[in-house]
Protein chains: 2
Amino acid sequence: MSSDPVAFGKAIADETRQRIMRLLCCRELCVSDLVTELRDISQPTVSHHLQILKQAGLVDTRREGKQMYYTLRQEAIANCCRVIVREYAPDVDLVDAGASPQTT
Amino acid sequence: MSSDPVAFGKAIADETRQRIMRLLCCRELCVSDLVTELRDISQPTVSHHLQILKQAGLVDTRREGKQMYYTLRQEAIANCCRVIVREYAPDVDLVDAGASPQTT
DNA sequence: TCTATATATAGATGATCTTAAATACGTCTA
DNA sequence: TAGACGTATTTAAGATCATCTATATATAGA
């Protein structure tokens, strides 16, 4: 919920967590679904990363019987990005120049 | 450079680095300027963080005599945010409906 | 209640990160 | 060239993190 850029950075600063986020994007999955997809990561590790994402406010949870379903909080993610741009890229207009690859 | 969300996350996942980014936002500063402002951080630590930001493509450098001047690469930062939103918040329109009320 | 299943937590370990002190490097000026 | 100054790198210590195994908690069904 915080939209704190440091906390947001820490939350996304891990390859496994971003794999989880990618899997959760636009669909709801339970822990065992995620463990099945991330076949090289143990269940406790998946749960651990989910707790970190939850703590950062980037996922929502819903219990259904024995399973715990997770979804991405897209609006929260977008909001963190808005804060970052407002703080560190205030001169950039997000509307245009979206796809222009202006990088060294 | 890369616009890799994991690398971007690692780069911003530190309070000191974001303090540096805030100081560099919209103005050019050399290392000793930054050391003066961040009065609780040593010069080698500041230099170290600047290297991390540089490696992530978030700052540009310009040498002028003995000093090395740093600037924020706002476009690169905005681009990383665009990638993150595209990947993890595709249903959200970054432009409107932000934290600030946008009266149409 | 007991058992099975799904998820979370605890503890341990190795890797990575932050930091400062000491030192090296690069540039200017005399 | 020598010395001063600004910045970068090296080294090492302490902290944090990702990951596993083992175990605990929670829920459903018999």
Side-chain angles (χ1 to χ4, degrees), chain A residues 2 4-24 27-73, chain B residues 1-2 4-24 27-73 80:
Chain A
S2 59
D4 165 34
V6 176
F8 178 69
K10 286 183 195 289
I12 66 168
D14 182 85
E15 177 59 41
T16 300
R17 277 196 293 278
Q18 291 206 20
R19 283 174 71 191
I20 290 173
M21 290 169 71
R22 248 186 311 274
L23 290 168
L24 288 179
R27 60 178 170 164
E28 192 181 46
L29 293 177
C30 68
V31 180
S32 52
D33 291 337
L34 288 165
V35 171
T36 300
E37 301 255 16
L38 305 160
R39 21 179 263 294
D40 51 336
I41 316 257
S42 72
Q43 176 267 314
T45 298
V46 172
S47 274
H48 176 244
H49 286 303
L50 287 169
Q51 298 322 302
I52 289 175
L53 291 173
K54 175 133 201 215
Q55 188 98 12
L58 304 190
V59 295
D60 263 339
T61 57
R62 180 180 68 85
R63 178 175 276 286
E64 183 177 316
K66 285 180 286 189
Q67 359 271 350
M68 190 70 91
Y69 283 91
Y70 285 82
T71 48
L72 257 198
R73 295 192 62 226
Chain B
M1 293 263 279
S2 56
D4 165 35
V6 175
F8 178 70
K10 286 182 196 288
I12 67 169
D14 182 83
E15 177 61 40
T16 301
R17 274 194 299 275
Q18 291 206 21
R19 283 174 72 192
I20 290 173
M21 290 170 70
R22 229 168 285 128
L23 290 168
L24 288 179
R27 60 178 169 164
E28 191 181 47
L29 294 177
C30 68
V31 179
S32 53
D33 292 337
L34 288 166
V35 171
T36 300
E37 302 254 18
L38 305 161
R39 19 179 266 293
D40 52 338
I41 316 260
S42 71
Q43 176 268 314
T45 297
V46 172
S47 275
H48 176 241
H49 285 303
L50 286 168
Q51 298 322 302
I52 289 175
L53 291 173
K54 174 127 201 224
Q55 187 95 14
L58 303 190
V59 294
D60 262 340
T61 57
R62 180 180 67 87
R63 176 175 280 285
E64 183 176 318
K66 284 180 285 190
Q67 0 270 348
M68 189 71 90
Y69 284 91
Y70 284 81
T71 47
L72 258 199
R73 298 192 61 227
C80 286

B/D40 bridged to B/R19 by N-O distance under 4.0 Å: yes
Of A/V46 and A/R63, the one whose nearest nucleotide on DNA chain D sits closer to the 5' end is A/V46
In whole angstroms, the gap separating C1' of C/dG26 from CD of B/E64 amounts to 16 Å
Under 4.0 Å, counting only non-hydrogen atoms across every strand here, what does A/I52 touch: a base, just sugar-phosphate, or nothing? sugar-phosphate
| task | May I ask you to verify whether the side chain of B/Q43 and the base of C/dA20 hold a donor-acceptor pair under 3.5 Å? | result | no
Check: With a 4.0 Å cut-off on heavy atoms, is B/D33 in touch with a base, just the backbone sugar-phosphate, or nothing at all?
Finding: nothing
task = Look at A/S47 and C/dT7 and indicate whether a side-chain polar atom (N or O) is within less than 4.0 Å of OP1 or OP2.
result = no
Task: Audit row: A/D14, A/I52, side-chain contact (heavy atoms from CB on, under 4.5 Å) steps and yes/no - done: CA-CA 11 Å; A/D14 182 85; A/I52 289 175; over 6 Å; no
Rounded to whole Å, CG of B/L38 lies from P of D/dT7 at a distance of 13 Å
Taking D/dC20, C/dG26, D/dT7 as options, the one with an atom nearest any side-chain atom of B/K66 is C/dG26
Ranking C/dC17, D/dT7, D/dT19 by distance to the side chain of A/T16, first place goes to D/dT19
note: A/R62, atom CZ; D/dA26, atom P; distance rounded to Å ~ 20 Å
In this structure, OG1 of B/T45 is separated from CG of B/L34 (nearest 0.5 Å) by 13.0 Å
In whole angstroms, the gap separating C1' of C/dG26 from CD of B/Q67 amounts to 12 Å
Looking only at C/dT18, C/dT7, D/dT7, the nucleotide nearest the A/C30 side chain is C/dT7
Between the OG1 atom in B/T61 and the CG atom in B/L50, the distance rounded to the nearest 0.5 Å is 10.0 Å
| query | Between the base of D/dA8 and the side chain of B/Q51, is there a donor-acceptor distance below 3.5 Å? | reply | no
* To do: Classify the nucleic acid contact of B/Y70 as base, sugar-phosphate or nothing, counting any heavy atom under 4.0 Å across all strands shown.
  => sugar-phosphate
Would you call A/K10 and B/E15 a salt bridge, taking side-chain N to carboxylate O under 4.0 Å as the test?
no
How about A/S47 and A/Q43: does a side-chain donor come under 3.5 Å of a side-chain acceptor?
-> yes
Here the distance between atom P of D/dA8 and atom CG of B/L53, to the nearest Å, is 12 Å
Checklist entry - Which part of the nucleic acid, if any, lies within contact of B/H48, taking any heavy atom under 4.0 Å across all strands shown: a base, the sugar-phosphate backbone alone, or nothing? => result base
- Contact under 4.0 Å: A/R17 side-chain N or O vs D/dA18 OP1/OP2: yes
In whole angstroms, the gap separating P of C/dT18 from CD1 of B/I41 amounts to 11 Å
Check: How would you label the contact of A/S32 with the nucleic acid (heavy atoms, under 4.0 Å): base, sugar-phosphate, or nothing?
Finding: sugar-phosphate
5'-most contact on DNA chain D (nearest-nucleotide basis), A/P44 vs A/D14, goes to A/D14
B/L50 CG to D/dT7 P, in whole Å, measures 10 Å
B/H49 atom NE2 is separated from C/dT18 atom C1', nearest whole Å, by 6 Å
Does B/T45 make a side-chain N or O approach to OP1 or OP2 of C/dT19 shorter than 4.0 Å?
no
